[in-house]
Visitor: 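Take a look at this one; I'll ask things after.
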Amino acid sequence: MDERGAERPGDPTRVPVWLRAEPSRVRRRTPLTLDRIVDAAVTLLDRRGVEGLTMRGLAQHLDVTATALYWHVRTKDDVLDLAFDRIFGEVPIPRVSDDGPADVRVLARAWRAAMLAHSWAPGLVGRPMLGPNVLARTEFLQAALARAGCHGRQLAVVTRVLANYVIGASLTEATWRRSADPEARAAARDHVAGHPDAYPTLIASGHLDDTRWSDDMLFEEGLDGILRAVAHG
């Protein structure tokens, strides 16, 4: 492990945090628990983003020593995995209905809302997705798609398409909202609109013009399009 809390490449002890046994607890006046660590990590990630989260800063926020923190989590990667799964826990699992596509819509909307509420979260996709909250909602998603008639390879493909759609939309929206103030948005619209010969199709589609089509509307219609394709698949 290096001084930043990252394990060296090829370290044989590196396994996902979800597959490790929790260490024995040390008695403290105010016990340091994994839940406290994850709560604090989410708070700091919301404030500072992934790059702004350090193990030293997390220990200071919790008012503990780095040694105490490392007793529960070995690396920053562990913390990110746990925090990401905590965000998925904010996505309510809908009541199962007889309408599989409707259940998918409910889950996808809530998933996007959680990603947008924690703008750092979409950028962590691609990490090991073994947390209980992630797996429970993925199970619900696939069960709903199975009720809609998806099975085997088609189920795997549609699951990936939906996941990539929700995550991609959330990442794009979160990045745009975080980095572009109203003046920058207006400048982007004006740049496209000011070059009709070069960008006639972009102008016609309202590209970068959030005064014409809202993110919510575009997300809903895109989701409907995917589910229509599934129905005719």
Visitor: Would you say the side chain of Thr54 lies within less than 4.5 Å of the side chain of Leu58, judging by non-hydrogen atoms?
Guide: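 In short, these two side chains do not touch, never coming nearer than 4.5 Å.
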
Visitor: Ignoring hydrogens, what is the shortest heavy-atom contact between Pro132 and Asp85? Give both atom names and the distance.
Guide: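 That closest heavy-atom pairing would be CD-OD2, 3.4 Å.
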
Visitor: Has His118 got a side-chain atom pairing as donor or acceptor with Ala114's backbone, closer than 3.5 angstrom?
Guide: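 No, because the side chain of His118 does not come within donor-acceptor range (under 3.5 Å) of the backbone of Ala114.
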
Visitor: Closest approach of Leu116 and Ser170, non-hydrogen atoms and distance?
Guide: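 Looks like CD2-O, 3.6 Å.
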
Visitor: Applying the 4.5 Å side-chain criterion to the ILVMFWY set and letting contacts propagate, would Leu218 and Leu171 be lumped into a single cluster?
Guide: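 Hydrophobic grouping puts Leu218 apart from Leu171.
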
Visitor: Do side-chain atoms of Asp103 reach the backbone of Val96 as a donor and acceptor pair under 3.5 angstrom?
Guide: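 Flag not set: sc Asp103 to bb Val96 has no pair under 3.5 Å.
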
Visitor: Evaluate the side-chain proximity of Arg74 to Leu69: yes if any heavy-atom separation is below 4.5 Å, no if none is.
Guide: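 The answer is no, as the side chains (C-beta and beyond) never meet within the 4.5 Å cut-off.
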
Visitor: Could you give the distance from OH (Tyr199) to CG (Leu208), rounded to the nearest 0.5 Å?
Guide: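 The distance works out to 10.5 Å.
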
Visitor: Does any N or O in the side chain of Asn133 come within less than 3.5 Å of the main-chain N or O of Phe88, such that one atom is a donor and the other an acceptor?
Guide: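 No; zero donor-acceptor contacts below 3.5 Å.
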
Visitor: Mind checking whether Tyr165 and Phe219 have parallel, tilted or perpendicular rings, split at 30° and 60°?
Guide: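 Parallel.
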
Visitor: Of all heavy-atom pairs between Val79 and Ala41, which one has the smallest distance, and what is that distance?
Guide: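 Looks like CG1-CB, 3.4 Å.
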
Visitor: Run the salt bridge (Lys or Arg N to Asp or Glu O under 4.0 Å) test on Asp63 and Arg36 for me, step by step, so that the C-alpha distance in whole Å, both residues' side-chain angles and the decisive distance to 0.1 Å come before the verdict.
Guide: CA-CA 11 Å; Asp63 194 24; Arg36 280 189 62 207; over 6 Å; no

Visitor: Flag the pair Glu90 / Met115 as yes when at least one side-chain heavy-atom distance between them is below 4.5 Å, and no otherwise.
Guide: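 They are not in contact (no side-chain heavy atoms under 4.5 Å apart), so the answer is no.
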
Visitor: Does any non-hydrogen side-chain atom of Leu45 lie less than 4.5 Å from one of Leu80?
Guide: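 A side-chain contact exists here, since the closest heavy-atom pair is under 4.5 Å.
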
Visitor: Would you call Arg105-Asp99 a salt bridge at under 4.0 Å N-O?
Guide: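 No, this pair does not count.
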
Visitor: Would you compute the distance between atom NE2 of His61 and atom CG of Leu44 and round it to the nearest 0.5 angstrom?
Guide: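 Answer rounded to 0.5 Å: 5.0 Å.
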
Visitor: Measuring only between side-chain heavy atoms, which start at C-beta, is Trp120 closer than 4.5 Å to Ile87?
Guide: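 The answer is yes, as the side chains (C-beta and beyond) meet within the 4.5 Å cut-off.
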
Visitor: For Glu220 versus Arg109, what's the shortest heavy-atom pair and its separation?
Guide: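 Here Glu220 and Arg109 meet closest at OE2-NE, 2.8 Å.
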
Visitor: Please name the residue in the list Asn164, Val157, Val158 that meets the side chain to side chain contact (heavy atoms under 4.5 Å, CB included) test with Arg160.
Guide: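 By the side chain to side chain contact (heavy atoms under 4.5 Å, CB included) criterion, Arg160 pairs with just one of Asn164, Val157, Val158: Asn164.
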
Visitor: How many angstroms lie between CG in Leu141 and CD1 in Ile93, if you round to the nearest 0.5 Å?
Guide: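 With rounding to 0.5 Å, CG (Leu141) is 11.5 Å from CD1 (Ile93).
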
Visitor: Decide yes or no for Leu155 and Thr159: does some side-chain heavy atom of the first lie under 4.5 Å from some side-chain heavy atom of the second?
Guide: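 They are in contact (side-chain heavy atoms under 4.5 Å apart), so the answer is yes.
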
Visitor: Looking at Ser205, is its backbone amide N or carbonyl O close enough to the side chain of Trp213 to form a donor-acceptor pair, meaning the two atoms are under 3.5 Å apart?
Guide: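 Checked: pair present.
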
Visitor: Please report the closest heavy-atom contact between Ala108 and Leu223, naming both atoms and the distance.
Guide: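 Closest heavy-atom pair between Ala108 and Leu223: CB-CD2, 3.9 Å.
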
Visitor: Check whether Leu135 and Ile167 end up in the same hydrophobic cluster, where Ile, Leu, Val, Met, Phe, Trp and Tyr are linked by side-chain heavy atoms less than 4.5 Å apart.
Guide: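 They do not share one cluster, since no chain of ILVMFWY contacts under 4.5 Å joins Leu135 to Ile167.
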
Visitor: Does the side chain of His207 reach to within under 4.5 Å of the side chain of Arg189, using non-hydrogen atoms?
Guide: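 No, side chains not in contact.
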
Visitor: Compare every heavy atom of Cys150 with every heavy atom of Val230, then report the nearest pair and how far apart it is.
Guide: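 Between these two residues, the closest heavy atoms are CG1-SG, 3.4 Å.
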
Visitor: Under a 4.0 Å threshold between the charged nitrogen and the carboxylate oxygen, would Arg147 count as salt-bridged to Asp98?
Guide: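 No, this pair does not count.
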
Visitor: Quick check for you: to the nearest 0.5 Å, what is the distance between Arg48 atom CZ and Thr43 atom OG1?
Guide: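 Nearest 0.5 Å value for the CZ-OG1 distance: 10.5 Å.
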
Visitor: Taking atom CZ of Arg212 as the centre, report whether more than 12 heavy atoms of other residues, nucleotides or ligands fall under 6.0 Å from it.
Guide: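 Correct, the count exceeds 12.
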
Visitor: Are Arg86 and Asp35 within salt-bridge range, i.e. N to O under 4.0 Å?
Guide: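 Yes.
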
Visitor: Quick one, Val73 and Leu82 - any side-chain contact, counting heavy atoms below 4.5 Å?
Guide: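 Yes, side chains in contact.
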
Visitor: Which distance, rounded to the nearest 0.5 Å, do you find between the CG of Leu162 and the CH2 of Trp111?
Guide: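 Taking CG in Leu162 and CH2 in Trp111, the distance rounds to 8.0 Å.
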
Visitor: Any chance you could measure Asp209, atom CG, to Ser214, atom OG, to the nearest 0.5 Å?
Guide: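 It comes to 11.5 Å.
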
Visitor: Side chain to side chain contact (heavy atoms under 4.5 Å, CB included), that's the test. Do Val134 and Phe84 meet it? Break it down for me.
Guide: CA-CA 9 Å; Val134 170; Phe84 186 76; 4.3 Å; yes

